[in-house]
Amino acid sequence: MTIIVDLDVMLARRKVRSKDLAAAIGITEQQVSLLKSGKVKGVRFETLDKICLHLDCQPGDLMRYEPEKQTEDARVF
Amino acid sequence: MAQPSPHSSVNAGLSPASPLSRRARWLAFVPLLAAAMLLIGTIAQWVSPDIRATMLASSLGMLGQPMQPEAALFPTAFWPTVFRTVPVLIFAGTMLVLYQLFRRFTQGSVLDARNAQLVSQAGLGFILFALAAMVANTLTTLVLSMSDPSTPGVLTIGFTTSDIGAFAAGFALWGLGLVLGEAARIANDHASIV
């Protein structure tokens, strides 16, 4: 996965617990946990909007793109 | 208070106490009962020459007409009885598939890929049953006519209303299974979107 979710970093910066965020934006703690670990297929704009509002941040603070590193074999061939 | 996303509940299944689960618990026995009744009928056909004569007459489409008594005796009637047994076994297998499906409903699994696969399998079972019944009737006529010197080797291909019904139900279930499979995949995708 080349999209890295930095929600946990943002939560730590804002000193907000996952449980409180989940309650504030209307999703389950399990969903917050999945989002933090990047194990979701997508995020709704509506959810993103609520997270940004609650944590006072930009979408770019929550996720970033990191190109996949080429393996040694891939470079040779 | 945290509210679960409305989409996450699509694939979450039902609790075993839900109305569907309770109904499915009873409905699961209907296919088993149907399979058991057909199997009992088939066993009776193998054991009793009278019942075999009636079954063979119905296969030939001459129910109520006089039939040579020796036509229903073994060894003449052996292969026709085998031919008539094959569709019953296919039907029993299909009923077991439906039983599995209802058991999964009982356990709370409703919209998932396995259930969709079971619905498709049940559909294919009905299609196979209808085909096997048609072939069985054709072969029964052929074998019985070959044993009768007055009608050597008569080949008649025919189908009954129940065969067409089984075909139609089979195709409908098979198609429904494919649609359910796609629906399960979409539900799964929705559940993974926060």
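Computed from heavy atoms alone, side chains included, the values below leave out hydrogens, waters and symmetry copies. Here is the naming used below: chain letters follow the sequence lines, and residue numbers restart at 1 for every chain.
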Peer 1: Keeping B:S192 on the side-chain end and A:K41 on the backbone end, is there a donor-acceptor pair under 3.5 Å?
Peer 2: no
Peer 1: If every non-hydrogen atom of A:V40 is compared with every non-hydrogen atom of B:V194, which pair is closest and at what distance?
Peer 2: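 Heavy atoms of A:V40 and B:V194 come nearest at CG1-CG2, 3.2 Å.
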Peer 1: Please report the closest heavy-atom contact between A:R44 and B:H190, naming both atoms and the distance.
Peer 2: NH2-O, 4.0 Å
Peer 1: Take atom NZ in A:K39; do more than 12 heavy atoms of anything else shown fall under 6.0 Å from it?
Peer 2: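 Atom NZ in A:K39 is not crowded, with 12 or fewer foreign heavy atoms closer than 6.0 Å.
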Peer 1: Give a yes or no on whether B:R23 atom CZ has more than 12 heavy-atom contacts from other residues, nucleotides or ligands under 6.0 Å away.
Peer 2: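 Not more than 12 within 6.0 Å, no.
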Peer 1: Do other residues, nucleotides or ligands put more than 12 heavy atoms under 6.0 Å from the CZ atom of A:R17?
Peer 2: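 Counting other residues, nucleotides and ligands, CZ of A:R17 stays at 12 neighbours or fewer.
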Peer 1: Answer yes if A:M63 and A:I25 sit in the same cluster of Ile, Leu, Val, Met, Phe, Trp and Tyr residues linked by side chain heavy atoms under 4.5 Å apart, and no otherwise.
Peer 2: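 Yes, A:M63 connects to A:I25 through the hydrophobic network.
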